[in-house]
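What follows is a short report on a single structure.
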Amino acid sequence: MIDQRLLRNNPALIEEGLKARGMDIDLAPLQKHCKALKELEEKRNILQSQGNSIGKEVGKKIKQGISPNSEEISNLRIKGNQIKQEVGLIEEEEKSINTRLNDQILCLPNLPEKDSIQGKNEKDNKEIRRWGEPFSRKNLKEHWEIANKLNLWDSERSALIAKSRFVTLFNQAAKLERSLISFMLDLHVKKGYQEVLPPALVNTASLKGSGQLPKFAEESFRCADDDLWLTPTAEVPLTSLHRGEIIPKELLPLKYVAYSPCFRREAGSYGRDTRGLIRLHQFNKVELYWFSNPINSREALDQITSDAESVLQQLELPYRVIELCTGDLGFSAKKTYDLEVWLPGANAYREISSCSNCGDFQARRSSIRTKDNNKKNVLLHTLNGSGLAIGRTMAAILENGQQSDGSINLPKALIPYFGSSKLKPE
RNA sequence: GGAGAGGUGGCUGAGUGGUCGAAAGCGAACGACUCGAAAUCGUUUGAUAGCUUCAACUAUCCGUGGGUUCGAAUCCCACCCUCUCCGCCA
C-alpha cells in the first residue's frame, strides 16, 4: 500500500512511479479525497473536544450535589446532544470518503525502486548473469513426453478427479516430488532459515495484507461458506505470520522457508502451457521469506536471490538471472529478479523462481514494524523468493537428465533423498 | 455443532457509568551507589493521527462492529477469537 502522507503531499512522485509501470493515472482526485478527509477529521476533533468537556462538566456538577434534573444540567445535555449529532454527520461523510479512498489506494501497485530498469514489458527485462551450460541435442523430448514414456503422471484421470490443469503423480514422480521438497527445505534450513508449514487456507485479511486482494480476487479459489481462500503462494501466510507486530530489530532479518501447495485459478491463461507441469491450478512450492530491517533490504534481495540460485546449482540445472523492468514488475514488488531454468526439450529458459523486494508495501498493509535507531516504530521491509517451484523443477530435471536409453539421470544432490540415481522405464 | 469461562498496555493483572489511557507487579531505559557488576534506591516507560524541529496540546484506541448515555474499559446487541467440558473426527 502506498503511503497516504505521500499521496497528500507529493502525488507527483507516485504518478511517476506508476508511469514507469505503464499506468497513466491522475491522482488529483485521490489527493482531494485525502485532504478532505483530513479537514473533516480536524473539524470532528474540535467538536469531540467540546463534547468531552461538557461530559466532564456534568460529572463534576453532579458530584457537587447539583440535581441531575436541574435546568443547568439539562441545558448541558441538550448541547451535548447537538454536538453528538454533528459529529455523527461528519463521521458518516468520513466513512463514505474513506471506503472509496481505501478501495482505490489498495488497488495501486508498489512503486519501482528508483534506479530500476525502465521498460514496457518482458522484452525490456535484462539478463544479469548465466550459470551452467545450456545443452542442446537433436531429438530431445519435452518433459510431458518423457512422463508418458516413464508413466510418471496422468492428466486425464486428474481431470476426472478435479478438472484440467491438475496433475496426479505416480510412483517415481510422486517420490521425486517429495524428495525435491525435502531437499530444498533441508538446504535452506542449513543456510539459517526457519522451517514453517503454514495453513493452506488463508483469510481475506491475509490476502489483502500481501497484495493479492482486492485487485486479484479472480486469481484465487474462494471457499463458499467461510472467509477462507486457497493460498496462491506461501508468501501470503508468511506475511501474515507477523501481521500487526512490532519485531525487535535484533531479531531481523527473520528468515523463513515454507513448503506449501499453491492454488491458482489461472484465469485468462486458457490455451497457454496446457501440457505438462508448467502451469497448473495446484502446484507445490518451497518459498523463502524475509522480514528485513528497512535499511538493508537491497542487500537482502541479493542474498535471497543467491539462496534461490543455490538450489539450481545443487541440482546442476543451468539457469539465468533476469532483472525485471518497471513494466513487468508484480503488484507488490519494488524490484524483482527472476530465475529462469534451462529446458532443453523446449529449447528455452523458463521462469522457476521470482525473488522480490517489496519494501514497506506489504508491511504497511499488514502493519508489521520494527524500531529504528531512535526507538521509533517504523515499517520493516519484506522480501520473498521461490526456492523453488517444485513442478517446474521436476520438469527441468526430466528434460536436463534425459538419456538416449529413455532413462533420466538425477542430480547427485538428490540421490540421498530419492534413493537412486536414475528414473527408469517401468 | 451444544454448554460454560474469558479476551485490558511488552508481559502478569486490577478496574462494573463521571479527571481511567487505565492501579499494582514484572520487564525495559536512564540516573545514584560500585573499581565494575549484582542487589538497592530514584526517575522514566503504550500506539496512531493532527499541530509542531522538540515540548506542550487535541482526537482516537481496553477483541471487532453497532447501540444506550451529557459521559462507556464498565450497560445492551451482533460477530470473531481463545480456553474447558460434551458430541463428531484424521
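Chain naming here is simple, since letters A, B, ... match the order of the sequence lines and numbering starts at 1 in each.
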**Asked** Considering only the P atoms, how many Å lie between B/C77 and B/A90, rounded to the nearest integer?
**Response** 39 Å
**Request:** Could you tell me the separation between the CD1 atom of A/Ile62 and the P atom of B/G18, rounded to a whole number of Å?
**Result:** 11 Å
**Item:** Inter-nucleotide C1' distance (B/C85, B/U45), Å rounded
**Value:** 42 Å
**Asked** On a whole-Å scale, what distance lies between the C1' atoms belonging to B/U52 and B/G13?
**Response** 37 Å
Show me the donor-acceptor pairs, under 3.5 Å and distance only, between side chains in residues 101-117 of chain A and residues at least two apart or in other chains.
from, atom 1, to, atom 2, distance (Å)
A/Gln104, NE2, A/Arg100, O, 3.4
A/Asn110, ND2, A/Ser332, O, 3.0
A/Asn110, ND2, A/Cys358, O, 3.0
A/Glu113, OE1, A/Arg298, NH2, 3.4
A/Ser116, OG, A/Glu113, N, 3.2
A/Ser116, OG, A/Glu113, O, 2.2

**Asked** Quantified in whole Å, what is the P atom distance between nucleotide B/G15 and nucleotide B/G9?
**Response** 16 Å
**Request:** Any chance you could measure A/Thr326, atom OG1, to A/Asn121, atom CG, to the nearest 0.5 Å?
**Result:** 10.0 Å
**Request:** Could you tell me whether A/Phe361 and A/Phe331 have their ring centroids closer than 6.0 angstrom?
**Result:** yes
**Message:** What is the distance, to the nearest angstrom, from the CD1 atom on A/Ile246 to the C1' atom on B/G27?
**Reply:** 16 Å
**Item:** Sequence-aligned protein contact record of nucleotides 56-61 of chain B, with B where the base is within under 4.0 Å of a protein heavy atom and S where only the sugar-phosphate is
**Value:** --SSS-
**Prompt:** To the nearest Å, how far apart are A/Lys376 NZ and B/A47 P?
**Reply:** 9 Å
**Message:** Is there a side-chain contact (heavy atoms from CB on, under 4.5 Å) between A/Ile390 and A/Met184? Walk through the geometry before answering.
**Reply:** CA-CA 9 Å; A/Ile390 305 293; A/Met184 290 185 201; 3.7 Å; yes
**Asked** Would you say the side-chain atoms of A/Tyr259 and A/Glu195 include a donor-acceptor pair closer than 3.5 Å?
**Response** no
**Message:** Are there runs of at least three consecutive Watson-Crick or G-U pairs touching RNA chain B, with each pair's two distances under 3.5 angstrom? Give them by first number.
**Reply:** B:1-7 with B:80-86, B:10-12 with B:24-26, B:27-32 with B:40-45, B:46-50 with B:57-61, B:63-67 with B:75-79
**Request:** Please check the phosphate of B/G50 (OP1 and OP2 only) for any side-chain N or O of A/Arg8 closer than 4.0 Å.
**Result:** yes
**Asked** On a whole-Å scale, what distance lies between the P atoms belonging to B/C30 and B/U68?
**Response** 50 Å
**Gap in Å between the two P atoms, one belonging to B/C89 and one to B/U16, rounded** = 45 Å
**Asked** Would you say the ring centroid of A/His242 lies under 6.0 angstrom from that of A/Tyr256?
**Response** yes
**Euclidean distance, atom CD of residue A/Gln82 to atom P of B/C70 [Å, nearest integer]** = 12 Å
**Complete:** Checking B/C70, B/A49, B/U48 against the side chain of A/Asn377 (C-beta onward), the nearest is B/U48
**Asked** Hey, is the side chain of A/Lys84 poking within less than 4.0 Å of OP1 or OP2 on B/G71, counting only N and O atoms?
**Response** yes
**Message:** Regarding A/Lys38, tell me which of base, sugar-phosphate or nothing describes its non-hydrogen contacts under 4.0 Å with the strands shown.
**Reply:** sugar-phosphate
**Prompt:** In whole Å, what is the span from the CG atom of A/Leu40 to the C1' atom of B/A49?
**Reply:** 15 Å
**Asked** What distance, rounded to whole Å, do you find between the two P atoms, one in B/C51 and one in B/C33?
**Response** 44 Å
**Request:** Send over the distance from A/Asn203 CG to B/C79 P, rounded to a whole Å.
**Result:** 19 Å
Collect all protein-nucleotide pairs involving nucleotides 62-67 of chain B in which both atoms are nitrogen or oxygen and the distance is under 3.5 Å.
from, atom 1, to, atom 2, distance (Å)
B/G66, OP1, A/Lys95, NZ, 2.7

**Request:** For the residue pair A/His281 and A/Phe221, categorise the inter-ring angle as parallel (less than 30°), tilted (30 to 60°) or perpendicular (more than 60°).
**Result:** perpendicular
**Prompt:** Which pairs, with at least one residue in residues 46-56 of chain A and sequence neighbours excluded, count as a side-chain hydrogen bond (donor to acceptor under 3.5 Å, both in side chains)?
**Reply:** A/Arg44-A/Gln48
**Item:** CD on A/Gln4 to NZ on A/Lys38, rounded to 0.5 Å
**Value:** 7.5 Å
**Message:** Rounded to whole Å, please give me the gap between CD in A/Glu94 and P in B/U48.
**Reply:** 20 Å
**Item:** Value in whole Å for how far the C1' atom of B/G71 lies from NZ of A/Lys61
**Value:** 15 Å
**Request:** Nearest-nucleotide wise, let me know which of A/Glu57 and A/Lys371 is further upstream toward the 5' end of RNA chain B.
**Result:** A/Glu57
**For A/Glu72, all residues meeting salt bridge (Lys or Arg N to Asp or Glu O under 4.0 Å), sequence neighbours excluded** = A/Lys61
**Item:** Spacing of the C1' atoms in B/G50 and B/G36 (rounded, Å)
**Value:** 47 Å
**Prompt:** How long is the gap from CG on A/Leu18 to CG on A/Leu27, to the nearest 0.5 Å?
**Reply:** 6.0 Å
**Asked** Do A/Arg392 and A/Asp273 sit within salt-bridge range, that is, some charged N less than 4.0 Å from a carboxylate O?
**Response** no
**Message:** If you apply the rule salt bridge (charged side-chain N to carboxylate O under 4.0 Å, His left out), what do you find for A/Asp124 with A/Lys120, and how did you get there?
**Reply:** CA-CA 6 Å; A/Asp124 297 318; A/Lys120 272 190 183 160; over 6 Å; no
